Amino acid sequence: MRTATLGPAQRVESLASMAERELDVLVVGAGVVGAGTALDAATRGLSTGLVEARDWASGTSSRSSKLIHGGLRYLEMLDFALVREALKERGLLLERLAPHLVKPVPFLYPLQHKGWERLYAGSGVAMYDAMSMARGHGRGLPMHRHLTRSHALRVAPCLKKDALVGALQYYDAQMDDARYVATLVRTAVSYGAKAANRARVTGFLREGERVVGAKVQDVEAGGEYEIRAKQVVNATGVWTDDTQGMVGERGRFHVRASKGIHLVVPRDRIHSTTGLILRTEKSVLFVIPWGRHWIVGTTDTDWDLDKAHPAASSADIDYLLEHVNSVLAVPLTRDDVQGVYAGLRPLLAGESDATSKLSREHTVAHPVPGLVVVAGGKYTTYRVMAKDAVDAAVHGLDMRVAECVTEDVPLLGAEGYRALWNARARIAARTGLHVVRVEHLLNRYGTMTEELLALIAEDPSLGEPLPAADDYLRAEIVYAASHEGARHLDDVLTRRTRISIETFDRGTRSARDAAQLMATVLGWDKDQIEREVQHYEKRVEAERESQRQPDDLTADAARLGAPDIVPL
């Protein structure tokens, strides 16, 4: 199977090709569900198109807690079906579909009450492990264990001694959510799908009551295309109601947005060998290992302001710091926070006003002929959501279509990953890179690492770290533009890499070097390089200003102070 390349030429070709002849399925929205839907449709032999108004995963799917998990807290809600489904998907991703991207991560749950809490929480975690093993996909993770207080403090010395009487430790999994989506898109394209980002749907094509395609604006070049399709799938997440409004029909359900924010702090600020999971009065709080950092989150509050750029307020940041500091021996301060990001969960609207009580189940509807809507759900179960969406679309196709096969379709980079991992020392010796650099590449690109190594062999300067962002090589910036569809500096610093949240300067010191590297692929002149850098700096300043504001309204106004996209 060929490895798909999502460079500038391929994007132009994809848009023209989608407009040339009628597709079987057109997917609108390239978050994890939309990208998964395109892969599902393409691997059933359907001619498939995927369009995204901004960048792959630029909404919810790049701003999550970056966990692949069964949802331990849903056991407490007695939502056994959701947990069982998610645990199966977790196992598939770890063992078969994306072992290069999805990794085990340990969590410590401090117990604060003697006797009953250990029995109560322990039985829940035991059921969690048992349900995982029962699905046949739990062997890749260690079983949970009970710890005494002294043992727990050896594992996590950061905890206050009076913050726990003992602990439980269990395992889940994590990934880089935006990188995962970019890999999903490339995998779909490698199976024949056509995909274009910065391609905004401005309306639907109708023949009577039937939706027969979409009008798509090329946000970069300014042209407009009419893309016809037998079935259109609306997978736009928190924008579902907005997209549905273009049809002029009342939707079958509504999607509410719940804001969750996360803080990123350096690894040395929290002395622990394990992640933490803590109870709050509203939900749970995670402290998640993230390379040389920790991710602390999340909040869960209703949001009805700008969906493209949800803003974290000062109150949000204080909330997380207050709750995590309640158990830390050495408290975190504002000065410890390297990065902040905010995302919106697409929740199916229910009767409860509390967003934490809205459904994490997903739903699929066929509101008008030719249009399928998929919404709700959680990141871990994206593949099931995609399957259900394509199943619904297939009902509207006058042809025999194969069943879903994505349970057995590894993502690009997965096949042969473990063999390359075992050979990482030999690869380091052959290329002259430190073995830690090789491991970094393998855990981001899997076997596609060879494509980056080929770039470095051709231009050895690309094997050097990006200035002011030592975790990333210069080759990764070039590769993002040439192979992964990155169109702007913001795409690279916030999604193809995580420089925007992993450095105290939020990527501003790396911006010019990164823009110059992208220019070699995208053909930018000096003026465009300058526009890209200035736009990124304004974006960072607008985010910093929003994080100084006391509430959502003022934070949103501050964040909107920076423009959304740089025109070419």
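The model shown is predicted, which means the values in this text are computed figures rather than measured ones.
Salt bridge R96/D408: present, at least one basic N to carboxylate O contact under 4.0 Å. A salt bridge is absent between D176 and R495: the closest approach of a Lys/Arg side-chain nitrogen to an acidic carboxylate oxygen does not fall below 4.0 angstrom. Taking a cutoff of 4.0 Å between a charged side-chain nitrogen and a carboxylate oxygen, D218 and R11 qualify as a salt bridge. Between R444 and E476 there is a salt bridge, since a side-chain N of the basic residue sits under 4.0 Å from a carboxylate O of the acidic one. With respect to E407 and K387, no salt bridge is recorded, no charged nitrogen being found less than 4.0 Å from a carboxylate O. A salt bridge links R90 and D172; the closest N-O separation between the charged side-chain nitrogens and carboxylate oxygens is under 4.0 Å. A salt bridge links K307 and D242; the closest N-O separation between the charged side-chain nitrogens and carboxylate oxygens is under 4.0 Å. Salt-bridge check for R292 with E502: failed, with every basic side-chain N at 4.0 Å or more from each acidic carboxylate O. Between R424 and E439 there is a salt bridge, since at least one side-chain N of the basic residue sits less than 4.0 Å from a carboxylate O of the acidic one.
Within the 4.5 Å cutoff, the side chain of N234 has no heavy atoms near those of the V374 side chain. Residues K88 and L92 form a side-chain contact, since some pair of their non-hydrogen atoms from C-beta on lies under 4.5 Å apart. Within the 4.5 Å cutoff, the side chain of P289 has heavy atoms near those of the V105 side chain. Between V390 and C404 there is no side-chain heavy-atom pair separated by less than 4.5 Å.
For the pair P8 and A481, the tightest heavy-atom approach, listed with the atom from each and the gap, is CD-O, 3.9 Å. Taking every heavy atom of both residues into account, L462 and V478 meet most closely at CD2-CG2, 3.9 Å. Closest approach of P410 to E415, counting heavy atoms only: CG-OE2, 3.5 Å. Here the shortest heavy-atom pairing between A468 and T503 reads O-CG2, 3.8 Å. Heavy-atom minimum distance, A414 versus A98: CB-CA, 4.5 Å.
The environment of CD in E13 is crowded: more than 12 heavy-atom neighbours from other residues, nucleotides or ligands sit within 6.0 Å. Atom CZ of R509 has 12 or fewer neighbouring heavy atoms from other residues, nucleotides or ligands inside a 6.0 Å radius. The number of heavy atoms from other shown groups lying within 6.0 Å of NZ (K215) does not exceed 12.
With hydrogens and angles left out, the side-chain atoms of R267 and H293 include no donor and acceptor closer than 3.5 Å. There is no side-chain donor-acceptor pair under 3.5 Å between R531 and Q534. Side-chain contact annotation: S64 with D177, donor-acceptor N/O pair under 3.5 Å present. With no hydrogens or angles considered, a side-chain donor-acceptor pair links N443 and Y417 at under 3.5 Å. Side-chain contact of S65 with T298: a donor-acceptor pair under 3.5 Å is absent, judged by distance alone. Using a 3.5 Å distance cut-off with no hydrogens or angles, the side chains of Q547 and E543 do not pair a donor with an acceptor. Residues E220 and H488 have side chains that bring a donor and an acceptor to within less than 3.5 angstrom of each other. Between the side chains of W524 and Q516, no donor N or O sits under 3.5 Å from an acceptor N or O.
Between the NZ atom of K378 and the OG1 atom of T60 there is a distance of 14.5 Å, given to the nearest 0.5 Å. Rounding to the nearest 0.5 angstrom, the gap separating the CG atom in D471 from the CG atom in L466 is 10.5 Å. Between T508 atom OG1 and E541 atom CD the span is 10.0 Å, to the nearest 0.5 Å. Within the model, atoms CZ of R544 and CZ of R506 stand 4.5 Å from one another, a figure rounded to the nearest 0.5 Å. Atom CG of D525 sits about 11.0 Å away from atom CD of E530, to the nearest 0.5 Å. With rounding to the nearest 0.5 angstrom, the OG atom of S482 is 10.0 Å from the CG atom of L6.
In this structure, the ring-ring contact (aromatic ring centres under 6.0 Å, His included) partners of H262, at least two apart in sequence or on a different chain, are Y341. Residues satisfying the side-chain contact (heavy atoms from CB on, under 4.5 Å) test with P460, not counting sequence neighbours, are none. With sequence neighbours left out, the salt bridge (Lys or Arg N to Asp or Glu O under 4.0 Å) criterion links R269 to D336. By the side-chain contact (heavy atoms from CB on, under 4.5 Å) test, T273 pairs with V155, sequence neighbours left out.
For residues 453-482, the ring-ring contact (aromatic ring centres under 6.0 Å, His included) pairs, not counting sequence neighbours, are H440-Y472, Y445-Y479, Y479-H483.
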Checklist line | Intermediate values then yes/no, side-chain contact (heavy atoms from CB on, under 4.5 Å), V372 and Q231 | finding: CA-CA 7 Å; V372 172; Q231 292 285 305; 3.8 Å; yes
Item checked: Chi angles and distances behind the side-chain contact (heavy atoms from CB on, under 4.5 Å) call for M18, V51 -> CA-CA 10 Å; M18 283 188 271; V51 291; 4.0 Å; yes
Next item on the list: Go through the steps for R430 and E450 under the test salt bridge (Lys or Arg N to Asp or Glu O under 4.0 Å), then give the verdict.
Entry: CA-CA 12 Å; R430 169 169 61 87; E450 295 290 357; 3.5 Å; yes
Next item on the list: Carefully, step by step, assess L184 and W56 under the rule side-chain contact (heavy atoms from CB on, under 4.5 Å).
Entry: CA-CA 10 Å; L184 257 184; W56 323 130; over 6 Å; no
Next item on the list: Could you walk me through whether I427 and L453 pass side-chain contact (heavy atoms from CB on, under 4.5 Å), step by step?
Entry: CA-CA 10 Å; I427 295 170; L453 296 178; 3.8 Å; yes
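Using modelled atom types, one side-chain atom of S272 and one backbone atom of T274 make a donor-acceptor pair closer than 3.5 Å. With N197 contributing its side chain and A199 its backbone, the two residues share no donor-acceptor pair below 3.5 Å. Side chain of S62 to main chain of A57: a donor-acceptor pair is present (N/O by atom type, distance under 3.5 Å, no hydrogens or angles). In this structure, R179 contributes its side chain and R496 its backbone to a donor-acceptor pair below 3.5 Å.
Under the 6.0 Å cut-off for aromatic ring centres, F107 and Y171 do not qualify, their centroids lying 6.0 Å or more apart.
In this structure, R418 is not positioned above the aromatic face of W421 in the sense of NZ or CZ being under 6.0 Å from the six-membered ring centre and within 45° of the axis.
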Give every donor-acceptor pair under 3.5 Å between a side-chain atom in residues 19-26 and any protein atom, sequence neighbours left out.
from	atom 1	to	atom 2	distance (Å)
D24	OD1	K230	NZ	3.2
D24	OD2	S47	N	2.9
D24	OD2	S47	OG	3.2

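Looking at R539, R198, R54 one by one, the single match for salt bridge (charged side-chain N to carboxylate O under 4.0 Å, His left out) with D491 turns out to be R198.
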